[in-house]
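Below is one structure, written out as structure tokens, with a few remarks after it.
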Amino acid sequence: MHSFRDKVTQKFSYLFPNSSSSQDSPYSQEDKPVSSYLSYIIPSISFDGSNTNKYQNENKSPSAGYNYENFDYQDVPSDNYVDCSPVFNKMDSVKDSNDNNNNEDHTSRRSSSSSEVFEEANEQQMPQASKKSRLNLSDESTFISPELYEFLEICLPNIVKGRQWVLLYSTLKHGVSLRTLIRKSSELSCPGLLIVGDMQGAIFGGLLECPLKPTAKRKYQGTNETFVFTTVYGQPRLFLPTGVNRYYCMCMNDLLALGGGGSYALCLEEDLLSGTSGPSETFGNSCLAHSPEFQLKNVELWGFAHASPFQG
């Protein structure tokens with residue numbers, strides 16, 4: 001009685017005939033047992049009812065219901081895998097932050113630019129009369145512009161800051177006379193501002209202690225609040241006392257001068273038609289006019305009042 005294996009081998013020998021051997025030969029054309037083919041075709045079947053070999057035990061099909069406790073599953077190594085999502089998320093957040101900052105910068109620049117354009121437009125549309133209305137002056141001036149007014153207002157002593165400027169004397173209004181100017185200064189009990197100009201357009205002058213008190217001899221008076229200024233350099237420029245001397249102001253019936261030591265910073269003749277200017281040690285100034293000797297365009301003396309203006 002043949003075993004089950006012999007029977008199967010005999011059956012499959014017909015499927016793999018060998019032309020050079022008999023039909024009972026259990027070997028194929030390459031001298032391999034037919035059972036070797038059967039082990040690849042039906043690996044889950046044992047010819048003798050038991051496991052054929054160790055190799056087959058380790059490669060059993062999952063469909064046969066085998067235990068996988070000893071099976072090692074090899075996944076992709078974690079070292080070779082990089083999660084880029086945090087990087088892209090961070091890049092996106094940085095991009096969004098930059099975009100927001102750029103938008104804020106653009107908005108800020110647009111807002112700032114719009115504000116500047118708006119202010120410039122308002123400044124251009126503001127009538128000249130409106131600009132002059134900001135000047136706290138009792139009368140119109142030949143020399144005082146809004147810019148010069150603001151500059152001098154800052155330079156004034158605190159005792160007169162913020163008060164109304166009152167025109168006490170003007171050669172265009174009161175005639176050309178130094179004596180008249182001195183007399184008008186007697187209405188003041190606080191400093192007065194002398195403003196003059198040459199024919200070339202320079203505006204200059206200084207702060208005086210009033211009332212002016214003429215002396216028979218050349219004698220200086222005044223305080224260290226005295227200063228001189230000029231616009232000959234374009235923008236208004238202020239010269240304060242240097243402390244070298246006390247030659248602040250000299251007043252005589254035929255001469256009015258500010259500064260000394262070397263030259264007068266500013267000197268007006270009796271007729272108020274001409275004057276001189278040069279470097280002085282008192283204020284450390286250079287020439288206040290376009291030339292050391294000049295022709296006067298006008299002379300103004302301004303006082304300061306709290307409420308009611310002075311009567312000229």
Check: Trp165 ring centroid to Tyr149 ring centroid under 6.0 Å: yes
Close side-chain approach of Trp302 and Leu168, heavy atoms under 4.5 Å: no
Non-hydrogen side-chain atoms of Glu209 and Pro191 separated by less than 4.5 Å: no
Heavy-atom donor-acceptor pair, Thr282 side chain to Gly260 backbone, under 3.5 Å: yes
Thr215 side chain vs Arg218 backbone, donor-acceptor pair below 3.5 Å: no
Gap separating the CG atom of Leu288 from the OG1 atom of Thr231, nearest 0.5 angstrom: 10.0 Å
Point-to-point distance, once rounded to the nearest 0.5 Å, from CZ of Phe239 to CZ of Phe227: 12.5 Å
Side chains of Gln164 and Ser138, donor plus acceptor under 3.5 Å: no
Side-chain cluster (under 4.5 Å, hydrophobic types only) that Leu255 belongs to, other residues: Tyr220, Tyr247, Met250, Met252, Tyr264
Non-hydrogen atoms of Ser277 and Ala265 that approach each other most closely: OG-O, 2.7 Å
Which atom of Gly205 lies closest to which atom of Leu266, heavy atoms considered: CA-CD2, 3.9 Å
Matching residue for Phe204 among Ile195, Asp198, Leu194, Val232 - test: side-chain contact (heavy atoms from CB on, under 4.5 Å): Asp198
Verdict with supporting geometry, Glu300 and Tyr169, side chain to side chain contact (heavy atoms under 4.5 Å, CB included): CA-CA 5 Å; Glu300 297 177 354; Tyr169 174 82; over 6 Å; no
Same cluster (ILVMFWY, side-chain, under 4.5 Å), Leu238 and Tyr248: no
Full working for side chain to side chain contact (heavy atoms under 4.5 Å, CB included) between Gln221 and Cys251: CA-CA 8 Å; Gln221 52 188 298; Cys251 182; 4.0 Å; yes
Test log, rule side chain to side chain contact (heavy atoms under 4.5 Å, CB included), inputs Leu178 and Leu268: CA-CA 8 Å; Leu178 179 58; Leu268 304 181; 5.7 Å; no
